[in-house]
Amino acid sequence: MTDVEPKLSVKRENEDTLEAADSKRARLDANGDEPSATPVGVRKHSRDQTADENGADTKRVRQTPVKTEVKSEPAAASPRKAATPKGKYAEADSDSESESNSDSDADDKKSLAARLASKAKASPKPSPKAKAAAPSSAKKAPTPKKAAKKESSDEESEESEDSSEDEDDGSDESGSDSGSDDDSDDEDAYDDEDAPKPKKPAVKKAASPKKAAASPKTKPAAGTSKKASKSADGDGAVTKKKKKADEDDEDVHKWWEEDLTAMLGDGSERWQTLSHNGVMLAPEYVALPPQAFFKYNGQKVALSLPTEELIGFYAAMLKSDYVTKDKFNENFMVELRKVMTKEEKALITDLAKCDFTVIQDYFEQQREIRKNRTKEEKAAIKAQNEELVKQYGFCLMDGRKERIANFRVEPPGLFRGRGDHPKMGMLKRRVVPEDITINCSKDSTPPAPPAGHKWKEVICNKTVTWLASWVDGISGHAKYVMLNSASKLKGLNDMKKYEKARDLKKHIKHIRRSYTEDMSSKEMAIRQRATALHFIDRLALRCGNEKDPEEQADTVGCCSLRFEHIKLEEPSTVHFDFLGKDSIRYQNSVDVEERVYKNLIIFQKNKEEGDLLFDRLTTTALNKYLTDFMPGLTAKVFRTYNASITLQEQLKLTPTDGSIHEKVLAYNRANRAVAVLCNHQRSVPKKFGEQMDKMDEKIEAVKKELNEARKVYKETKDEKKKAAVERLKARVDSLVIQKTDKDENKTIALSTAKLNYLDPRITVAWCKRYDVPVEKIYNKTQRSKFAWSMGVPTDFTF
DNA sequence: TGTGAGACTTGGAATAATCTTC
DNA sequence: GAAGATTATTCCAAGTCTCACA
């Protein structure tokens, strides 16, 4: 076994960096012109902007440009405005002039460790029973948190809002986040003004449906309830399955209640001991039966095994759009020729003459057979799968059993790149043990390779979190087998990510002021950096690293925007239109500050299609600049920060006296606002229209029933009939809410934001405040992923 | 200083499992 | 209990970012 020396020097901050940060800050403060207030360009969510549902061309593409105000003028009055007075941002921003030079010191890793550690200390490990009894009300005892206090005392007192915030960060983490994010919080004001403004539900408040009506007394506290959503709704006994879930919960390793300072360490070693059973390889190829044959030019052709396998891959994709793409077909033919025998090569030369349909039909039959398996057969297969999970699905890390996320090695097939990927249709070859590097403890018994094979290498590298890796034949990049999202390693990383985004809140004013000032710099590179950062911050654009067009699809992010990706319209509108990650189209029209607009004119001058808009800027330079403000700050953190802040602000619109359905709708709307901001789109589900029609019919039917019931009550004045009327009314309201929610979700993908950008503590605290069972928002897997956040105090603020 | 390898997160679609309705 | 709808899970592509090295 090879012992791998840690090659990563994880300690990020050093004297130079801090000095640089401080001197930069001093320079900016000295220059100190008040920046113009520029609200976040959160695109307003409206159903108008949903994509056309007419088919393939419109897939995952926002069709209607959305105008976003990014100017400093107060936005038009909207229901959302009530949350924060107008003009708040500019007012509050002027207070920030005295921002302390010690910001970056306060934000270093030590500080994070202190905050996290204090959080751990503040959440004394309650017995499961005690926790279940009073989870949300647990007031945290005051904790020392030296680092946090130091941080706080280092702040200049005139920075009253920030320092109070810092104090919060100290006590906050210990569970008494005082909710100082009141109206005087400048950042709140800022975000409030700019976050998307979804419409208020067009639904009248329903009498709480029977489930929602379960009294708070009897309802399990949000965030820690062990009951599944149904039970939380109050309609049933705890099933066997739920009991099992409860048992599983008992096994959870509550790492977040331990000493997090030690866990963070210097970051160079992620574990001490690791053992596992290796990976599950794709099965060997089995020849097709004689009835599944291939025809060329109308003639049945017997194929060699490798050729047949490839032909099979193609046949399996006949129903997809890929086979209509020239590049896919071209690459496939190249691959096919590589594996064909001499005779096959001589015969099979034209894809148009290939007939895969018999094989396709065979696959279809097999699918049907699988679908129609008997109960017993299904149970047997399930049991088999469970065995595999038992064998490969877990590892032992530092003495604890952890679930592995992807123990199955990716099977061979035709590469399905997204968008116009130059490699689509190429063969993703079979991964064999000789390709795989195993990572485990020196003192453990390495997993045995399959008989007759050996691993590429067995190493012991404690600085990484992967258990196995191999190089992907298509991209040439490594693929990894890693732990499940509920694991300690992933959870800790997640927690750190959100803490970093929260740290950004303390620096954001300064950063915004700084880049606003830089917009007028005489140096073109600085001006470009400032303008790009403005878009990253305001529009939540991705950073946009350089890409190789020969190897990857032509997609861009902010720094890689080209001349043709923006169009300028007098007096100050910028129209964005480009393909972002996963070739998802980003279309947005934004009114910008005059300075931004003028800069863009300059950046476009003497350029043509294909030229970089920010030609003097690299992502490395941008991130380097950001690190000077706050250690560990990169462009990506802005997305997390803006997403979480937006959620928090939008959740303030939750109706306090609404039904659970209405509250959940409010949550989904807040979630949706973030998804719109981050441009998380999905294709319209195939039967969307049909489903909506059915919902309409259902609503009409219940309304009819309601009218009948009303008539009967009017005639009889029977109290029982009155109750029936109430029930039906609630049902109509609930259905209308469901329909509204579904309709607004038509082209928006909510889960990405929920899983990756929204600090779960905001959600859990909201659940507790509004008496919404957390099961209504997070499913079981999500609750496991965010287990570390479940004990958050009710008044937590991001 | 630029480049590429390496490690990890983010992302939507496909598929499987479960729930609801008739 | 079958069919259809909904939700959860899996899959794997495609980003970001760091670090070592030339």
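Order of the sequence lines sets the chain letters (A, B, ...), proteins ahead of strands, with each chain counted from 1.
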Could you give the distance from CG (A:Leu318) to CD (A:Gln360), rounded to the nearest 0.5 Å? 4.5 Å
Side-chain N or O of A:Tyr778 closer than 4.0 Å to phosphate OP1/OP2 of C:dA8: no
Check this for me: does the side-chain of A:Lys581 come within 3.5 Å of the base of B:dT10 through a donor and an acceptor? yes
What's A:Gly544 touching, base or sugar-phosphate or nothing? Going by heavy atoms closer than 4.0 Å. sugar-phosphate
Between A:Ser583 and C:dA14, does any side-chain N or O lie under 4.0 Å from OP1 or OP2? no
From OH of A:Tyr322 across to C1' of B:dA14 the rounded distance in Å is 11 Å
Could you say whether A:Met695 or A:His477 is positioned toward the 5' end of DNA chain C, judged by the nucleotide with the nearest heavy atom to each? A:Met695
Counting heavy atoms from C-beta on, name the nucleotide in C:dC12, B:dA7, B:dG12 closest to the side chain of A:Tyr480. B:dA7
Is A:Arg502 paired with A:Asp759 through a side-chain N to carboxylate O contact shorter than 4.0 Å? no
note: A:Leu633, atom CG; C:dT16, atom P; distance rounded to Å ~ 15 Å
If the cut-off is 4.0 Å, is A:Lys423 near the phosphate of C:dA13, judged by side-chain N/O to OP1 or OP2? no
Which part of the nucleic acid, if any, lies within contact of A:Ala635, taking any heavy atom under 4.0 Å across all strands shown: a base, the sugar-phosphate backbone alone, or nothing? sugar-phosphate
Quiz item: cation-pi between A:Arg403 and A:Phe394, 6.0 Å / 45°: yes
Write down the distance between CG (A:Leu541) and P (C:dT16), rounded to a whole number of angstrom. 11 Å
From the options C:dA13, C:dG15, B:dG12, select the nucleotide whose nearest atom is closest to the side chain of A:Ile584. B:dG12
Does B:dT1 have OP1 or OP2 under 4.0 Å away from a side-chain N or O of A:Thr620? no
Is A:Lys636 close enough to B:dT9 that one of its side-chain N or O atoms is under 4.0 Å from OP1 or OP2 there? no
Without swapping roles, check the side chain of A:Glu335 against the backbone of A:Leu427 for a donor-acceptor pair under 3.5 Å. yes
A:Thr634 side chain N/O closer than 4.0 Å to the phosphate oxygens (OP1, OP2) of C:dC17? yes
Between A:Lys497 and A:Gly476, which residue's closest nucleotide on DNA chain B lies nearer the 5′ terminus? A:Gly476
Using a cut-off of less than 4.0 Å, is there contact between a side-chain N or O of A:Lys382 and OP1 or OP2 of B:dA17? no
Figure out the CG/P separation between A:Leu758 and B:dT10, and round it to whole Å. 11 Å
Touch class at under 4.0 angstrom, heavy-atom based, for A:Pro685 against every strand present: nothing
Within 45° of the ring axis of A:Phe328 and under 6.0 Å from its six-membered ring centre, is that where the NZ or CZ of A:Lys325 lies? no
Can you tell me if A:His421 touches the phosphate of C:dA14, counting only side-chain N or O atoms and a distance under 4.0 Å to OP1 or OP2? yes
May I have the step-by-step check of salt bridge (Lys or Arg N to Asp or Glu O under 4.0 Å) for A:Asp435 and A:Lys456, ending in yes or no? CA-CA 5 Å; A:Asp435 297 320; A:Lys456 180 182 178 186; over 6 Å; no
Counting side-chain heavy atoms from C-beta on, which of C:dG15, C:dC12, B:dA13 comes nearest to A:Arg418? C:dC12
Spacing between A:Asn545 atom CG and C:dA14 atom C1', to the nearest angstrom: 11 Å
Report yes if at least one side-chain N or O of A:Lys742 is closer than 4.0 Å to OP1 or OP2 of C:dA5; otherwise report no. no
Between CG of A:Asn461 and P of B:dC8 the distance, given in whole Å, is 9 Å
Tell me whether A:Arg731 contacts the main-chain N or O of A:Ile699 through its side chain, where contact means a donor paired with an acceptor under 3.5 Å. no
Select base, sugar-phosphate, or nothing to describe what A:Phe415 touches, counting heavy atoms under 4.0 Å on all strands. sugar-phosphate
Rounded to whole Å, how long is the line connecting atom CD of A:Glu775 with atom P of B:dT18? 18 Å
Check the phosphate of B:dA13 against A:Ser683, side-chain N and O only, distance under 4.0 Å to OP1 or OP2. Yes or no? yes
Closer than 4.0 Å, any side-chain N/O of A:Arg367 to the OP1 or OP2 of B:dT15? no
Quick check: on DNA chain B, is the nucleotide nearest A:Arg416 upstream (toward 5') of the one nearest A:Arg639, or the reverse? Name the residue that is more 5'. A:Arg639
Quickly work out the A:Asn779 CG to B:dA16 P distance and round it to whole Å. 19 Å
So, does A:Asn493 get its side chain near the phosphate of B:dT9, meaning an N or O under 4.0 Å from OP1 or OP2? yes
Does the Lys NZ or Arg CZ of A:Arg529 fall within the cation-pi geometry relative to A:Tyr625 - under 6.0 Å from the ring centre and within 45° of the axis? yes
For DNA chain C, whose closest nucleotide is more 5', that of A:Gly417 or that of A:Val637? A:Gly417
Distance below 4.0 Å between A:Lys479 side-chain N/O and C:dA13 OP1 or OP2: yes
Looking at every strand, decide which applies to A:Thr465 at a 4.0 Å heavy-atom threshold: base, sugar-phosphate, or nothing. sugar-phosphate
